[in-house]
Amino acid sequence: MQIEDSFIIKASKQDVWQFIFDIPRMSKCIPGIEAVEIIDAVTYRGKLVVKVGPIKSEFGGTVLLTEINAPDSIAGSVDGDDKSSASSVKAVFRGTLTSVEGGTQAAFSVNANLRGRLAQFGGPIINATARKLTAEFAKNMRAELEH
Amino acid sequence: MPIPNLIGESIPMLDSTARVTGTVDYLINLRLPGMLVGKILRSTVPHAQVLNVNVPGFAGSTAVLTGADLENTPLYGAAIKDQAIVATDRVRYIGEPVAAIAAENLDLAEEVASLIDVEYNELDAVYDPKEALNPDTPRLHANYPNNVFIHSKLRHGNMETAFAQADEIFEDTFTSPPAQQASLEPHICAAQWSRANSKLTVWTASQAPYMVRRVLSEIFAIPQSDVRVIVHPLGGSYGGKGHIRIEPMVAALARKTDGRPVKLVLSRAEEFVTVTKHAAVITLKTGVRRDGTFTARQVTIHWGSGAYADASPLLVPQGMVRSVGPYRIPAVHVDSIGVYTNLPPAGAYRGAMSSQTTWAYESQMDIIAKKMGWDGLEFRLKNLFHSGEQFATGETLHDVNFIECLNASVRGLGSKPVTEAGASTRRGRGYAVMMKSTVATSKSQARLRLAVDGVLSVFTSTVEMGQGAHTALAQIAADTLGLPIQAVRLVGPDTDLTPFDSTTSASRSTNMMGNAIIDAGEKLKNRLMELAAVLFHVPANQLIFEDGCVKSGYVSSDSARSRRADSAGSITAAPVLARGEEILRLSGLDVLDETGEYSTALKMDPETGQGVSTPHWHQGAGAVDVEVDVETGRVTILRYSAASFAGRVVNPRMAKLQNDGNVIFGLGPTLLEEIVFDGGQATNANLSDYMIPSIRDIPLELISTCIESDAGEFHGIGEMTLPPVAPAVAGAIEDAVGVRIRDLPITAEKVLRALSAMG
């Protein structure tokens, strides 16, 4: 499953980049993130609670950053599972920051393999959920960065 | 009072009132004392070694079945034993059972499932049947290199010579995706062991109670007599409950509950990973002469069969016979190949294998006709088989009526619709014919019991799944004994009570079980006449049995025990001696039982496919008028006319319902249905994203014809008008707008893309 989205923040590229790597601060902006543990400079472990359709899931998993090009782009992988909904996710992602008029455009693409009970709801519902989460993340991030 | 002949009467289905008032005794309503609820933990990875299944400690009545419980339990399968009851060391598709949980209620079972930790070591996976053949792709089962577990061959004639005689050679590939049987009732099974785990009772929604009994007895190493399989009326099946699926898992789980029964009801999403319609890639190479005759046909089919062979080793050889088509072709080679992939197992799907193969050979008929400048209907009529001709298996065809079926379906449509000037829609017409074998070797037994109260009980293991089989069988039983339908009761299936039947599938029951009932009925009548002979001091050969009574009188020949004729040949009324039940009473009997049997045992050479493939041929045809919106690609079915060969119709109203139901069912895979897999995960495993035909998709007009013949043999008609639907609709679309779709389903998007590509 391919998910792509982007949003614009009224802040400089450098500020956005710094914010992204301020893990405690950034992770507060991700809706549903309940815990983040920094393992090393490129490995993070976390817990994400997300509701898809009628199913509430609690994903535990690891994020591994495989490419860091400050302040332009990052890439990495996510590996997680949720036992209560018997679902798992494996994904690779890439994020880019581009200076645009009035701020920075944050764009990302995710190639995800979602498996198990959550996946049965089909692309349209998963995509809609992803868009909703992205929109909330963008809103929270703006609240942090746009003064 | 003579009883009217019941064969050919449109009596209502015996359970029609129960069906519309919601009082059918479906298995989902089964409640047993102390019953636990089952729940399955399924694999979330498409292919992996299972390193560890960690089950937390729990208290109380909860039981968990994992691979660790199965060390001494053999693998099982309908034909090839390649499947563990739950995964032991490996999982091969997303959705494969890894553990089964029994608990007091579903919430508790789900809670326990969420606490089980499974550790996988993921392996590469393969999903496409042709890619799976590549030596570099992962091998699913050690014994099957290239993932091929069956390769059925038909070899008839010299292909080189035959293709050399052709003026034109056509080579076309058609595909049919995995789809869902989608019966309203899901798979349901309950199981209970006796306290010492020595005797097993299983209640299951299955089409094949005796196959379930045999396989369970093999798995648990107990005599078949110690396994009892009870089947309630099914809420549809369409092949999906045709072999053995969840029963071993539920029985193995119930073995851990100290005698308490366990019931498992699958969710809709689980249905999508339990059994599917085979994905198929079909290539046809066909040689034709300019005079409109065939020289040769070479068929290559790869059946995407999923991770386990399941019913495929039984179905792939049938797919071979069913891929040739009902046409005179002197030289035919077929390679029908079953391939493992990392997807859920495939099984029978209404019109099994013919639903895919007819799509291919009838689509190619249109392609050939168009290229050669022939009329598609004339081209078919010129080449369709007649009785007495030889099929590619070498067998001589008998009682084939393809031309009658095709003509009847076209006649049913009437005049061709005209495209309205200025409209964004175009109208077109298409046709298709299909030829399908039934089960070559199978057996049906029936027991008839006449009781002193006048009730005739029919003990049968034929499964009523909404198709009306029990009604048709009751009619045949009543007719044989000359009793009113109200005197007949159907009993079963219950393997402790009802005698053997191979399966309720392949549209075989009206024919096979019908004949077993007639056999039992004739024996019962003879027994009653023998008893009457003693009671009334009349030689048995001077008695006849009709209208439920033994009658006496002059019999024109020693052997005639049916109807008595006087010298002028007219029927005269014979004096009644006694009704059947009176004979029982006078003889001091409560009941009189007789068992009848009907079986076929046909053989083909496994290397050449030569021999006899079927006791009789299933024959159907369809003609359709469609409207295509060139702006949206949307296809509307205006009128569909279907014809099937029924031999002798038992119940005209139910026969029409089968013909119509096939067409409606067939429109799903034609226009809408495909299970979409993404990395092995079904992403539309629900009935909102996976669309089956609704009332709005049903043709505005449905016309149905059943063809009968003088030979008068009962034929099943549960599938005959389904396989022609997809190619007939594709032909009508091409007739309307000039585009040819080769990959099912024919979605509006595909039509629109093809229209854009055409410019």
Side-chain angles (χ1 to χ4, degrees), chain A residues 1-4 32 34-35 45 47-64 66 76-94 109-132, chain B residues 39-48 53-56 91 93-99 101 107 109-120 122 125 127 180 266-274 342-344 674-691:
Chain A
M1 187 192 314
Q2 191 76 25
I3 301 166
E4 283 179 26
E34 292 206 338
R45 198 175 287 152
K47 197 164 92 178
L48 172 75
V49 176
V50 59
K51 198 163 179 291
V52 181
I55 293 187
K56 190 179 170 193
S57 295
E58 190 178 302
F59 276 90
T62 308
V63 177
L64 178 70
T66 52
S77 64
V78 180
D79 201 335
D81 67 358
D82 166 44
K83 289 199 180 17
S84 65
S85 70
S87 304
S88 74
V89 64
K90 265 187 192 302
V92 289
F93 64 89
R94 168 169 290 278
S109 67
V110 181
N111 194 343
N113 270 323
L114 184 63
R115 297 144 165 190
R117 251 171 88 195
L118 269 192
Q120 79 206 27
F121 288 103
I125 288 179
I126 302 294
N127 267 313
T129 306
R131 281 194 185 284
K132 199 178 107 200
Chain B
K39 168 78 195 165
I40 307 305
L41 177 70
R42 295 175 181 275
S43 168
T44 55
V45 292
H47 196 188
V53 180
N54 185 19
V55 181
V91 288
Y93 67 95
I94 293 177
E96 180 165 352
V98 177
I101 300 102
D107 286 346
E110 286 185 344
E111 181 70 26
V112 172
S114 75
L115 296 173
I116 297 173
D117 196 20
V118 187
E119 211 180 318
Y120 297 109
E122 231 182 299
Y127 310 110
Q180 239 303 290
L266 295 192
S267 68
R268 183 57 58 187
E270 288 179 298
E271 286 291 289
F272 280 76
V273 295
T274 298
N342 290 106
L343 293 177
E674 172 176 12
I675 307 179
V676 178
F677 288 99
D678 179 6
Q681 169 69 50
T683 60
N684 57 348
N686 59 73
L687 292 181
S688 24
D689 294 309
Y690 182 96
M691 304 297 281

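The chains referred to below are lettered A, B, ... by the order of the sequence lines, with proteins before strands, and numbering in each begins at 1. This structure is a prediction, so every number in the text was calculated from the model and none was measured. Values below: every heavy atom of this structure, side chains too, minus hydrogens, waters and symmetry copies.
Options Asp117(B), Val118(B), Val273(B) differ in how many heavy-atom pairs under 4.5 Å they form with chain A, and the most are formed by Asp117(B). The candidate with the highest count of non-hydrogen atom pairs below 4.5 Å against chain A, out of Val676(B), Leu115(B), Asn686(B), is Asn686(B). Comparing Pro46(B), Ser267(B), Ser43(B) by heavy-atom pairs within less than 4.5 Å of chain A, the highest count is held by Pro46(B).
Annotation for Glu122(B) and Ala48(B): closest pair CA-CB, 3.8 Å, computed over non-hydrogen atoms. The minimum heavy-atom distance between His47(B) and Ala125(B), with the atom names listed, is CB-CB, 4.0 Å.
Ser688(B) contributes atom OG, which lies 11.0 Å from atom CZ of Arg268(B) (distance to the nearest 0.5 angstrom). Rounded to the nearest 0.5 angstrom, Tyr127(B) OH and Asp678(B) CG are separated by 8.5 Å.
For a residue to count as touching a neighbouring chain, one of its non-hydrogen atoms must lie under 4.5 Å from one of that chain's; by this rule Ser87(A) touches chain B with the backbone only. Neither the backbone nor the side chain of Ile126(A) comes within contact range of chain B, judged by heavy atoms closer than 4.5 Å. Contact of Val45(B) with chain A is made through backbone and side chain together, with heavy-atom distances under 4.5 Å. Only the backbone of Asn684(B) has a heavy atom closer than 4.5 Å to any heavy atom of chain A.
Looking only at distances, no side-chain donor or acceptor of Ser57(A) sits under 3.5 Å from a matching main-chain atom of Asp82(A). A donor-acceptor pair is defined here as one N or O able to donate and one able to accept, closer than 3.5 Å; no such pair exists between the side chain of Glu34(A) and the backbone of Val49(A).
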